[in-house]
Structure formats: C-alpha cells, structure tokens
Amino acid sequence: MTDLRVHIGVTTLKNPILTASGTFGYGPEFEPYLNLHALGGFCTKGISLEPRAGNPGVRIVETPSGMLNSIGLENCGSRVFLDEMLPKIAAYDTAIIVNFYAHSEEDFVKLAATLSESDRIDALEMNLSCPNVKQGGSVFGADPRLIESLTAAVRKVTKKTLIVKLSPNVTDITVTARAAEAGGADAVSLINTLIGAAVDRRTRRFTLGNKIGGLSGPAIKPVALRMVWQTARVVKIPVIGIGGIATLGDVIDFLLVGARAVQVGSANFVNPGVAQDLVEGLDRYLAERGETLDALIGSVQE
Amino acid sequence: MTDLRVHIGVTTLKNPILTASGTFGYGPEFEPYLNLHALGGFCTKGISLEPRAGNPGVRIVETPSGMLNSIGLENCGSRVFLDEMLPKIAAYDTAIIVNFYAHSEEDFVKLAATLSESDRIDALEMNLSCPNVKQGGSVFGADPRLIESLTAAVRKVTKKTLIVKLSPNVTDITVTARAAEAGGADAVSLINTLIGAAVDRRTRRFTLGNKIGGLSGPAIKPVALRMVWQTARVVKIPVIGIGGIATLGDVIDFLLVGARAVQVGSANFVNPGVAQDLVEGLDRYLAERGETLDALIGSVQE
Amino acid sequence: MQRSIVTAIADMMPVAGDCFLMAVPFEPEPLPGQFVMLSFGDGRTDPFLPRPISIFDWEGGMLTLLIRVVGRGTLLLGRQAAGAAVRVTGPLGNSFPDDAGRVCFIGGGIGVAPLFYAAKRSKAKDRSFILGFRSADESYLTGEFSEVAPVRFVSDDGSLGEKMFPHEKLDALVAAGERPDLVVTCGPEKMMAAVHGVAKKHGLRDVHSLESRMGCGIGACLGCRVNMPGASVLVCKEGAVFDGSIFEEKQ
Amino acid sequence: MQRSIVTAIADMMPVAGDCFLMAVPFEPEPLPGQFVMLSFGDGRTDPFLPRPISIFDWEGGMLTLLIRVVGRGTLLLGRQAAGAAVRVTGPLGNSFPDDAGRVCFIGGGIGVAPLFYAAKRSKAKDRSFILGFRSADESYLTGEFSEVAPVRFVSDDGSLGEKMFPHEKLDALVAAGERPDLVVTCGPEKMMAAVHGVAKKHGLRDVHSLESRMGCGIGACLGCRVNMPGASVLVCKEGAVFDGSIFEEKQ
Ligand SMILES: Cc1cc2nc3c(=O)[nH]c(=O)nc-3n(C[C@H](O)[C@H](O)[C@H](O)COP(=O)(O)OP(=O)(O)OC[C@H]3O[C@@H](n4cnc5c(N)ncnc54)[C@H](O)[C@@H]3O)c2cc1C
Ligand SMILES: Cc1cc2nc3c(=O)[nH]c(=O)nc-3n(C[C@H](O)[C@H](O)[C@H](O)COP(=O)(O)OP(=O)(O)OC[C@H]3O[C@@H](n4cnc5c(N)ncnc54)[C@H](O)[C@@H]3O)c2cc1C
Ligand SMILES: Cc1cc2nc3c(=O)[nH]c(=O)nc-3n(C[C@H](O)[C@H](O)[C@H](O)COP(=O)(O)O)c2cc1C
Ligand SMILES: Cc1cc2nc3c(=O)[nH]c(=O)nc-3n(C[C@H](O)[C@H](O)[C@H](O)COP(=O)(O)O)c2cc1C
Ligand code: FES
Ligand code: FES
C-alpha cells in the first residue's frame, strides 16, 4: 500500500479522497456500500446553529451530465448534530469534517466555537457559497474583504483545521482564495455549485421550488479543474478540489493541476460505493507507477 | 405559419432562431443541411480588424455533455470578410449579424465603423467575453465601467443594431448587462462560454494548446437559463439567450424565462440542420396552441 | 443488506401502454414494497441520476422491473438491449406490512408495478386486486396479475372492467360485505388520497407507496422530501410506504 | 450532396484488435477517401460530439464503418446493438485521386479503414496494398483486403508478413522495379511522413489522409486546424487527403 497520507492544517488524512458536504448524508447511509474506514474523510451535511427545514417543493432536477439542487441547507442544527449524529459516526476511523454555515459573522463564530469543543471533529469547513439560501444568494462568497474578516474571526475561536469552501460564482476565484488565505484558513476547498435554473415547460414554472439551485456533477468539472489550477498556483495553503469527480481519471486530473485532496459529490448518488473505489484505484495507480502521491500532485506540465 | 417576427434594435428578425458566433462558420458550410433563408439570422465567426491565426495545438476537446474550445478567435480579418466572405452570403434572405472583437477601445470603434459601411450587415454583436485570448482573459467583459464606455463609444459610430455579448464569468451578470444597456446597446446576448480546462492524463499536459478554453454545450444550459432570466428582469432592452440549446424544449425554456431570441451554438456541430428544425418546431408549437410568440416570451410563472 | 452493482440486462420485453419489463440478475431477495435505483452502467454521464423503480418481481436471483416510459431517462432505459450494462442499487426503503388475513391491493396505472410481487409474496389468506387503468388499450399484464390473485378491473372509460375509480370499487366492495383487514395502494397521489378517504370512512387500515423525485434513494441527498398533509417526509428513507394518515392534515 | 440523418444500425460485427464493423443505411454514394461524422442518435448529450470515421465500404445504400475502440466515444458506439439510432453526417472531405495506372495503398493499423473502399473503387489497372499491423494478433480483415487486391503484409514483430515498416516495404518494391504512379496512405502520422520520404526519394506522387480532432467535420468550428510542416490546414475542409508535400518544411 502506497503512502497516501495528506496533511491539511493540523489534520492528517489517511488518503486524499473525501466525500463532499450534502452528498454523503451524515455518513451511516453509506455503510452498506463501502467501508467508511477506507475514506480519507467525509464532510457532513452543512450544519447551522439552529435546525433548518430547507426549501419546499421540488428540490432536485437532472440536467445534462449533472443536476440542480435546492435542498436549502436542510439540517438538524448544531445541537442535535453534536448530541445525536456525531456519536453515531464517532467510531469511524476516518476524518470527520464538519461543513457549517450561518447568516452573520456572529453566528459563524458562535457555531465554530461550539463545534470546536468536540474532540471527535477533525476539521471545520466553512461554507461561504451556498447559492440556495434566499437571503441574497452568494453574499459571503463573493466579497473578498468579507471573506478575509470572517475567516479571521472564525480562526480566533478554533484550533481545528479550518477549510474555507469557495463559490465558483465569482469573476476571479484567486481573489477570494487569497482572501481566505489572508484570513488564516488552513486550506480552501472548491468548487461549490454553479448557480443555475431549470424550467418545467409543461407547467411553465421553474422546476425547483426555489427557482434557482446549485449545478453539480460531471458537467461542471472543466470549470472546477480550471479554478483549482488557477488557485493552486497563487495560494500556499492546500487546495481541495471538488466538482464532477466520478472516476479515477477525474481524481488524477485534479491532483495533477495541484489539488492536495479531492471531494466526491454528486457521484455518490449514482454509485454510493464510488469513494472507496477511488481510494483503491488511486492506490493501484501510484503503486503500478512506483510514484509517490507528492510527485503526482501539481505535476501537470505548464 | 405563425408570425414569428422579433424586433431587435432597428432589425426585424423573421423568427427568433439565430446561430451563434463561431459555431456556424461563415454560413455557406451549412447549405447542404438546411435552408439558410429559414433562419432568423446568423452570427458570423468573430471578426477582428486584422486576420488572426488563432491558437496552435489541440483546439477542441469533448467534456461531459459539452466541449471546450480554444480556437483563439481565428478569423480572416475585416477586410477579407467584407470583400470576400460577405458577398458569398449577401443573397441569403436572413439577418447577418457580424460578431466582432478587438483588444482596445480604439480598435473596437474603428472596426464597428468599418463594418457599419456595409449595407448588407444587419447588426453588430460586440464580443466582450472571449476567454481564449491570451492577453488577460475576459478583461472587457468583467468591468462594468469599461463595458459602458466601450458600448457608448461604439454606439456613436454605428446606426446598426448593436448587440453586446456578455461573459458568464462574472459575479453578477445583471451588473454587466445594465452597463451595456446604459452604454446604448440595443440588446444583450448571453452567455458566452464558461472558462474551463481539461487535462490529458497520459501526457500530463493540458489537453488544449492554450491550456484553458471556453465551455459550451448542454452542460452549461442551467447556468445560461438562470443568467438570462436574471438579466431579462432587470434590463429593458431585448435579451438574446445562448447556451446549450439543442432541442425545441431548450428554445422554449429560454423564451419562457424572457429571451426575445436565441442562438444555437455547439449543437450545430452535432446536427448541422438543427437550426431549421428548431424554427419549424417553434412554428408548430405555437400553431398547435394558438399562441403568439409574444405571449410565450417571459411567461414563466414566478 | 443493500448493494450497488453493475450487471448486464438479462431480458427486455415490451409491454402495452408504453411500458417494458426489464430482467436483471440481482441479490439479495427484496421485500415487497421495496424499490431499487436504476441507471446506466456503461459510464455515460447523461442521463446522470438513477431512477427509482419498484420491485415488480423477484424469483431465484432474477429481478424484474416494470417500467413506464414517461421522460428521457425511462425512454433511453427502454432502448437498452439485453446484454447492456445497468447499475442497480437496492433493495431500498421499507416494505408493505404482511400481517393481515385479508388484503386488498389497489393499483392505478404504473402504480400496479409493486403490487404483483406484494400479492405474490403475501402470506395473507385472502388476497385480491383492484387495478385501474385509463382504458383497455393502456392496460397491461392483466393476465399475469389474474394468475396471482382475483382481480377487479376498473377503467376511466369502461373499456376494461367497470367504469369507475378504484376507490369507488373499494367502497362498493366494503358495502357488499367484503371488508379487507389491510388496503395496500400504489398509484397517482389523488387516487391514493381518495382510497384513504374510503378506508377511513370504513375504519380500514391502509398503506400507500408514495412517489417523489429522487436523487440517491438512500437518504443522502435530502432531495426526496415532500410535504404531505400529515407530515414532511423523506420518501426514500422513511418510506416509500406510508400509513394512510399521511393524507390527513396534521392537527 | 451531403446529408445529416438519424438512422438505425443495420448490423454490428466484432473484429479482431478491438475493432468492430458497423453497417448503416446511408445515401448518397461517397467518394473513396471521404469520411462521415458519427454520433448517437437517441438524444443523449454524453458523449456530445460526433466522431470522424472513414468510409470502409459502401454498396447499394449500405455504408460500412470499421472502427477501433480507443476512447469513451468509440467504446460506447461499439456497444450499440443493431437497431440503435445513430446520426451520420456526410460524406465529407475531399477524396483520393483516381487517375493513376498503378496505385499502391499503404495503411498502418486502423489507417487501413479507408483503403478498402479506395482500392475496391479505384479504376487503376494495377492496385496493391502494403498493410502494416503491430502483430498478427492485432491484425484484422486480412482476408477481405486480399480479395480486393494483392496485399503485402508487414508487422512490427514479424508475426504477420515481413518484419519491417510499410515505408521500408515500399522502398524495397520500388528498388525491385515495382514503381507505382501514385501512393495513397493512411495511418499514424510518423508512418505517413516516412512513406513520403521514400516517395520523394523515388519521385513518386503520394497522397495522405490526415487525422485531427474534429468538432464538426464541415469547416464550421475551426477545431481541426493542424500546423503541418508544409502548411497550416483545416483538415476536414481542405482534406482529409493531402499531397505528400505537407510533410515538408515550407521554404
Ligand atoms: C419509490 C418509487 C418507485 C417507483 N417505481 C416505478 C416503477 O416500478 N415503474 C415505473 O415506471 N416508474 C416508477 N416510479 C417512477 C419513476 O421513477 C419515474 O417515472 C422516472 O424517474 C421518470 O424518469 P424519466 O427520466 O423518464 O422522466 P423525466 O421526467 O425526464 O425525469 C426527470 C427527473 O424527474 C424525476 N421524476 C419525474 N417524474 C417522476 C416521478 N413520477 N417519480 C419520481 N421521479 C420522477 C426523475 O427522477 C428524473 O430525475 C417510481 C418512483 C418512486 C419514487
Ligand atoms: C478523417 C478521419 C477519419 C477517421 N477514420 C477512422 C476510422 O475509419 N476508424 C477509426 O476507428 N477511427 C477513425 N478516425 C479516428 C477516430 O475519429 C478517433 O479514434 C475517435 O474520434 C476517438 O474517439 P473516442 O471518443 O473513442 O476517443 P477519446 O480519446 O475519448 O476522444 C476524445 C476526443 O478526442 C478526439 N480524438 C481522440 N483521438 C483522436 C484521433 N486519433 N483522431 C481524431 N480525433 C481524435 C475525438 O474526436 C473525441 O472528441 C478518423 C479520424 C479522422 C480525423
Ligand atoms: C444535494 C446537494 C447538497 C449539497 N449541500 C451542500 C452543503 O450543505 N454544504 C456545502 O458546502 N456544499 C453542499 N453541496 C455542494 C457539494 O458539496 C459540492 O461542492 C458540489 O456538489 C460540487 O461537487 P460535485 O460536482 O462532485 O457534486 C451540495 C451538493 C448537492 C448536490
Ligand atoms: C468553437 C467555438 C467558437 C466560438 N467562437 C466565438 C466567437 O468567435 N465569438 C463569440 O462571441 N462567441 C464564440 N463562441 C461562443 C458561442 O457563440 C456561444 O456563445 C457558446 O458556445 C454557448 O452556446 P452553446 O452552448 O450553444 O454552444 C464560440 C463557441 C464555440 C464552441
Ligand atoms: S432520494 Fe436522496 S434523500 Fe431521498
Ligand atoms: S472539424 Fe470543425 S472545422 Fe474541421
């Protein structure tokens, strides 16, 4: 077995294959399909201070090689998460990364502080980019000054590995990535979903109850790959690549352009065992070539 | 036959189905596959003042439900276009929309003035958004002040219908759309391609000679549909919808969210006769329902 | 135990009313009322998401699905030939109760799909169907159902069985003294709600297999949540089988 | 006259070396050296772009394509069964000249595809093939080619015909006095350049069918432009058949 370990902040991942927030439930849902111990880690559904019901109406619609979702960040809230969900997954020998979000700096800080009290949480992933929340869309995620100050404020209350998850719905992702770095993030993860819409032409309404939603899946991979490459060139902290990853080839592409780890998202819906396949595939790929993970990462010729 | 006419600036299109710049050659290439007279109009390949060779190396790569291109705006230059290409297409009974671009305001103005001398050109489409040109990517397309002043400068030298084509690689497309409107554009067309990349993992190089390229095709339709909807709500000038249109359903979706006309792009590569199919399909769709085009446009329930 | 496997289609058979039967080798043995997520297994990314499909039948390791072509996904699935690769994830969801002496299975349209296996596997002493179709032309597998249990057919235009709705037939049966201990339905939501009305009126126990657009089928995407009058439910995980009270406004 | 049509595959036949033959009804009659753009005809959007494929054969309205599985598109095309819908656009491109008395058709690997129809349709008095494969195991349709014209086989490992490269065989033939008026090649670019070297040495006229990634095949996307030593060419529109001078550095 090749050494697949990756260091991000104060966390050592046993391998660079993570599962993306909102696409892996709270974890146990996948037990029948894969060995959770095999994963580098998993990102929980986005947690907020209080429970949230999410959006009414249709929440998911298929698009060419992808999907739109407007789940609306439905989640059980931080209290229930810590008291009921976390104990159920605490025993998994894999990194638990808690994805979290709020609507004000104050709440972001409060939430980060609360989550930091749990020893079993390995890292926090701060979601700045959810396009589904009605109050103005991607507000935090588009303003570099806000990102920097918010990151700095959260940084003050947590010693855990702090990952800032970036929105692709910006003119220049390197600007927002640098802002997160300047604020003290240990890593950036990208991309979150692109904002899109679909219409039900029979009823002449938007298909999603929320009208707009987040586009994910293989369709967005070229955009994600470009943004990860651009970002990895300008920040010193690790970049975690996300967007349309479904095959070993996709994983390798993201590592080649400089991602230190990757997250598998919508592909979990198609094949709930895919993340473990990717870990095993990456191991074989490196072993066959006698190559180290470090040598692979960022090795695309420019 | 339903009345499919659409008015954009001083131009009356016989129907709202246009073909998108760079995906329809100079026109004659499609003669075997469709009746060019049937189209509402076609946008030429992007024309620059001087001829341009475009990018070396691989220029096209397939992606999930789409493609990346880095043609690099190869074109014959305005002189050859006016003297040699235009006469070949002048007889087509359809609107000729000349897509054009430059790298400075001065050249944009010079080019618009030159093209405006030809009686046979119905409209100009100003491309602010080509992501393929090496000198800094989408510079014109991302800065609203630049867009407004550039549009105003071009507006001064042409009486032709002036369409400003917008880049989707921005945080808020309504800002750039409003800038074009303020500068005096008769219409905005959107979206141009999203910037993306692909890697050839065998050689560990970027697949495209230019590394990054423009993503088009069905994959981007949800993003395009969202941007067209957002834009049509905030500008008073017509919005021309572009992005992943391949079927009659796609055309209807864009019209429902407020597009006054649409452009068919990459789908021409898959089925070179598709644009005429769409005209006929739209005609049938409206006739069957006894609905007018005006009633259809923008009729999505909010 | 659930699994997600890529396997080759063993058999495809067209059926009336834009439907087809697809047979695929699949273990383990599912429970009646469960479903699978079905997608293409050849690596294409369009269509992207798997489709939820009920267990029509399962026998000796061979799963049979009855699928109605309604959109792009089912259209393209229907065009697959035997030998083509599909991905099957399952069996998923809860199941129909099987502790009643007399069960009436009520299906409308493609909603008949899960009832064949349910009736076939039921341990109930007395099993019968009420199956509703739009018309005789759009009905299917009427013979197959009849072999499993007695069927009362109803149709919108009277071209098959009686011209009435399934819930009206249930009402008539109960009035005539044929009172089931359990009513199991699957079909359009309106039909199920109407059946619940009749069941409630007569104090019958009733369960219903709900439909919802699904992303994953396993409780991971939260895409299938629907706000029913009685509760907001995650159909794939808490169902797809729900008690009839779901159709009643919560107090 | 070109056309773009959706049609049902008439026949599929596996061939050695990861290849398959696909027969589809198609009019009009193509010229030797032309190609078609082939894609799925069922409305799926992945794979998205059509693939350029040479005319392997055409007879009485039936077009036959010889396709080698090299990536996702050809893999999925190869899994289509007879009856499945494909889109065919063509015939496209220019064609091989047919005004020579003695023609030698030289093909390497899947580059043999357009040469079968070219030789079959050629009006030349004297036609012969030099066909190169990696090995006997990876060769295909050797019998079919032999029926059209005499074949000299060469292979990298000597397991089929002589162990040499096609251009070496041509050199040897010319040295032995068998001098063609025209050399027609299709295969890896290196092979074609080497053949051109030999042709030039002996003053033979030579044409070559180039490959390039294509978006449209009809000159609309400008995606297929390649910078050859002799010129920058739009392969689909100016070719795919080019004079050998394309391999020579422009002065
Ligand atoms: C638990 C369950 C069991 C089912 N069992 C069967 C069965 O045995 N046989 C059968 O023919 N159908 C069954 N269905 C319905 C079937 O899943 C849909 O008809 C199918 O997903 C439509 O896909 P499409 O691509 O053809 O349609 P499209 O309209 O193109 O679908 C687009 C998207 O909408 C979703 N969608 C559209 N209509 C429905 C619907 N009615 N229900 C759920 N999702 C929908 C699909 O998931 C798909 O992602 C079942 C649904 C559920 C929830
Ligand atoms: C004029 C012409 C005639 C051809 N005739 C034949 C033939 O008769 N039989 C046959 O088997 N092959 C032929 N080819 C090659 C064939 O087009 C490619 O093998 C095929 O496109 C690869 O597609 P893929 O999806 O399997 O591979 P992938 O590598 O997955 O392809 C991805 C993309 O790259 C492009 N691509 C990759 N390799 C090539 C290549 N070598 N040439 C062109 N494009 C490529 C494809 O267009 C596709 O869009 C011909 C090519 C040209 C230009
Ligand atoms: C149904 C769904 C729910 C999601 N929920 C969240 C979330 O709660 N927090 C978050 O940061 N990202 C969320 N995402 C975004 C994913 O984590 C990921 O960034 C995105 O889907 C792109 O990856 P993919 O193309 O592999 O799916 C969600 C995505 C999907 C499809
Ligand atoms: C090969 C190619 C070349 C293009 N060239 C131009 C161009 O010269 N000028 C321009 O404004 N847009 C150009 N575009 C963008 C298209 O006009 C269109 O905006 C985009 O492809 C999205 O539409 P689609 O998804 O239908 O292809 C080009 C697109 C492609 C695929
Ligand atoms: S379908 Fe994903 S949670 Fe139910
Ligand atoms: S393939 Fe499009 S121009 Fe040649």
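Numbers restart at 1 for each chain; the letters A, B, ... are given by sequence-line order, proteins then strands.
Tested against A:Arg226 for a side chain to side chain contact (heavy atoms under 4.5 Å, CB included), the candidates B:Leu194, B:Leu68, B:Ile195, B:Leu215 yield a single pass: B:Ile195.
Between the CG atom in A:Asp253 and the CZ atom in B:Phe206 there is a gap of 10.0 Å [rounded to 0.5 Å]. To the nearest 0.5 angstrom, B:Ile173 atom CD1 is 9.5 Å from A:Thr171 atom OG1. For the atom pair CG (B:Asp200) and CG (A:Leu256), the distance works out to 10.0 Å, reported to the nearest 0.5 Å. Residue A:Leu225 holds its CG atom at 11.0 Å from OG1 of B:Thr63, rounded to the nearest 0.5 Å. The structure places CZ of A:Arg201 at 11.0 Å from CG of B:Leu255, a figure rounded to the nearest 0.5 Å.
At least one side-chain heavy atom of A:Lys211 sits less than 4.5 Å from a side-chain heavy atom of B:Glu302.
Annotation for A:Ser65 and B:Pro64: closest pair OG-C, 3.6 Å, computed over non-hydrogen atoms.
Residue contact with chain A, scored on non-hydrogen atoms closer than 4.5 Å, involves the backbone and the side chain of B:Ser299 alike. In this structure, the portion of B:Tyr285 lying under 4.5 Å from any heavy atom of chain A is its side chain and not its backbone. Contact annotation for B:Val61: neither backbone nor side-chain heavy atoms come within less than 4.5 Å of a heavy atom of chain A.
Counting heavy-atom pairs closer than 4.5 Å to chain B, the top residue among A:Ala197, A:Ala198, A:Gly244 is A:Ala197.
Counting only N and O atoms by type, the side chains of B:Arg204 and A:Gln301 include no donor and acceptor under 3.5 Å apart.
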### Task
For the pair A:Ile212 and B:Trp229, evaluate side-chain contact (heavy atoms from CB on, under 4.5 Å) and give the outcome as yes or no after the intermediate values.
CA-CA 10 Å; A:Ile212 61 172; B:Trp229 172 61; 3.7 Å; yes

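For residues 217-224 of chain B, the interface with chain A (any heavy-atom pair closer than 4.5 Å) comprises B:Pro218, B:Ala219, B:Lys221, B:Pro222, B:Val223, sorted by residue number.
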